[in-house]
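Structure record follows, encoded as structure tokens.
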2 protein chains.
Amino acid sequence: MVKRTSFEKDDCPIARSLDAIGDWWSMLIIREALFGRRRFGEFQKSLGLAKNILTVRLRSLVDQGILKLAPASDGSAYQEYLLTPKGRGVFPILVALRQWSEEFDVHPEEITTVLVDKQSGRPVRKLELYSEDRRLLGAGDTALKPRPGSKRARRVSA
Amino acid sequence: MVKRTSFEKDDCPIARSLDAIGDWWSMLIIREALFGRRRFGEFQKSLGLAKNILTVRLRSLVDQGILKLAPASDGSAYQEYLLTPKGRGVFPILVALRQWSEEFDVHPEEITTVLVDKQSGRPVRKLELYSEDRRLLGAGDTALKPRPGSKRARRVSA
DNA sequence: GCAACTTGGTTTAATAATGCAACCATCGGA
DNA sequence: TCCGATGGTTGCATTATTAAACCAAGTTGC
């Protein structure tokens, strides 16, 4: 195979996510959608990507159930791309990406926006990972276990 | 420009992160590194990617301060690729990717591993986003504000 | 109701990225 | 010192991305 490798059949959920939305444009399209954009032209103008690429990406996102097509809300005959619950579920990934940049970027001063809590207008906290009994966990506090019931005892990876 | 678009100069931190680690292999290399792999050959075998690509990716990750080269821990003349704090900071992104797949994948039964708390051996909770005063926040509870001090009032995007 | 503009694409052709396989220099072990 | 393992590099084929031109249907002005 000389084709771009696909992780669709990989048993690692990270690889599976990357296979679905792990390219730059898909992630940014979802970002724009979360921000309220819905129309082909809106995505195209705000992201500045080529229209043929946008076409392909939107189609893929719809196929995967991340976006869905709906009649335009302004009554015109055009269609809109709306986020499904699966699409809205990408939000934490985007927050994680944002916070990584905020914390480690070499030029943080070039970042012009802050994610705030709507109610108070104040910046949100960092994403937190907890154990079942609510201890805060870092990377070193976690491990991977084979999933009970999965007989395919393949390579165990993070 | 006909070159692959870069988001290096974009003011959106999500785009900046994607520019740094937003390709499939970089993310997976970091995943492997978090899981303890350090040597060129280890990455190559576990990920099954072409060696020339691995070379390029490792170099880029080192250049960005995500990995650093160190003399091999086994005393040989070879070198190892170790995560820097910036590299370990990618952990929440990987967790977010994992959890998205766990929650929304069409074939969740193909996922063979669970991320557990080392201490108890039990699965971790979902990543949580809190406001400053510890209210749990969803996508709809947040907004983007221009960063105080940033005069470049450009397009505000998620 | 019809010309002009907008929207939402498709097509084409060039350039860049990816993948595979073959090659190669150095290291390590017997 | 020979031979395999390690850590790459090189060359070539395939695929992806891009900009730009083109196009058909929907909408608007008049």
Side-chain angles (χ1 to χ4, degrees), chain A residues 1-10 15 18-29 32-33 36-64 67-82, chain B residues 1-10 15 18-29 32-33 36-64 67-82:
Chain A
M1 172 176 46
V2 75
K3 201 173 180 169
R4 163 96 130 245
T5 69
S6 158
F7 301 113
E8 206 183 330
K9 313 274 283 190
D10 200 296
L18 290 175
D19 198 57
I21 53 170
D23 73 280
W24 299 341
W25 292 128
S26 296
M27 210 78 95
L28 293 175
I29 288 167
E32 294 297 311
R37 299 195 210 275
R38 348 176 120 201
R39 297 281 285 260
F40 185 95
E42 287 184 299
F43 290 116
Q44 206 255 317
K45 255 186 299 184
S46 65
L47 291 172
L49 84 172
K51 295 199 291 181
N52 50 355
I53 306 263
L54 180 57
T55 301
V56 171
R57 288 294 185 283
L58 285 174
R59 194 133 47 209
S60 156
L61 291 171
V62 169
D63 286 350
Q64 295 182 81
L67 295 176
K68 61 167 179 265
L69 277 167
S73 50
D74 61 0
S76 76
Y78 295 115
Q79 292 202 292
E80 291 183 344
Y81 295 89
L82 299 183
Chain B
M1 173 175 44
V2 76
K3 201 174 182 166
R4 163 94 131 243
T5 70
S6 157
F7 302 113
E8 206 182 331
K9 314 274 284 190
D10 200 297
L18 290 175
D19 198 58
I21 52 170
D23 74 279
W24 299 340
W25 291 127
S26 295
M27 209 80 94
L28 293 174
I29 288 167
E32 294 296 311
R37 300 197 209 275
R38 348 177 118 201
R39 297 281 285 259
F40 185 95
E42 287 184 299
F43 290 116
Q44 206 256 315
K45 255 186 300 184
S46 65
L47 291 172
L49 86 171
K51 294 200 288 180
N52 51 352
I53 307 259
L54 179 57
T55 301
V56 172
R57 288 293 184 282
L58 287 174
R59 194 132 46 208
S60 154
L61 292 171
V62 169
D63 286 349
Q64 295 182 81
L67 295 176
K68 62 168 178 264
L69 278 166
S73 51
D74 62 0
S76 75
Y78 295 115
Q79 291 202 293
E80 291 182 345
Y81 296 89
L82 299 183

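Below, read A as the first sequence line, B as the second, and so on, with proteins coming before strands; counting in each chain starts at 1. Predicted, not measured: the structure shown is a model, and the values here were computed from it.
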Q: Take F43(B) and L28(B) through the side-chain contact (heavy atoms from CB on, under 4.5 Å) test and state the conclusion after the steps.
A: CA-CA 9 Å; F43(B) 290 116; L28(B) 293 174; over 6 Å; no

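Atom CD1 in I29(A) sits about 11 Å away from atom P in dT17(D), given to the nearest Å. As a whole-Å value, the separation of R37(A) CZ from dG8(C) P is 14 Å. The distance between atom CD1 of I53(B) and atom P of dG19(C), rounded to the nearest whole Å, is 5 Å. Taking atom CG of L54(B) as the reference point, atom C1' of dG19(C) lies 13 Å away to the nearest angstrom. If you take CH2 of W24(B) and P of dA17(C), they are 15 Å apart, rounded to a whole angstrom. Rounded to an integer number of Å, the gap from Q44(A) CD to dG8(C) P is 10 Å. If you measure from atom CG of D23(A) to atom P of dA17(C), you get 15 Å, rounded to the nearest angstrom.
For D63(B), there are no salt bridge (charged side-chain N to carboxylate O under 4.0 Å, His left out) partners at least two apart in sequence or on another chain. When the side-chain contact (heavy atoms from CB on, under 4.5 Å) test is applied to Q79(B), the partners found at least two apart in sequence or on another chain are L69(B). Shown here are the side-chain contact (heavy atoms from CB on, under 4.5 Å) partners of A50(A), two or more places apart in sequence or in another chain: N52(A), I53(A).
Taking CG of L54(B) as the start and CZ of R59(B) as the end, the distance is 10.5 Å to the nearest 0.5 Å.
At a threshold of 4.5 Å between non-hydrogen side-chain atoms, the residues K51(A) and F40(A) count as touching. Looking at L47(A) and R37(A), their side chains never come closer than 4.5 Å, going by heavy atoms from C-beta outward.
Rounded to 10 degrees, the angle between the two end axes of the helix from dG1(C)-dC30(D) to dA30(C)-dT1(D) is 30°, with five pairs used at each end.
The backbone N or O of A20(A) lies less than 3.5 Å from a partner atom in the side chain of Q64(A), making a donor-acceptor pair.
Using a 4.0 Å cut-off between charged nitrogen and carboxylate oxygen, E80(A) and R38(A) count as a salt-bridge pair.
Minimum heavy-atom separation, L67(B) to A33(B): CD2-CB, 4.3 Å. In terms of heavy atoms, W24(B) sits closest to D23(A) at NE1-N, 4.1 Å.
Phosphate contact (OP1/OP2 of dT18(D), side-chain N/O of W25(A), threshold under 4.0 Å): present.
Residue-level contact check: A77(A) touches the backbone only, with heavy atoms under 4.0 Å from sugar-phosphate atoms and none from bases.
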Q.
I'd like to compare against my own output: the B/S/- annotation of nucleotides 4-11 of chain D with a strict under-4.0 Å heavy-atom distance to protein.
A. --SBBBBB

Every protein N/O within reach of nucleotides 2-5 of chain C N/O, cut-off under 3.5 Å:
none

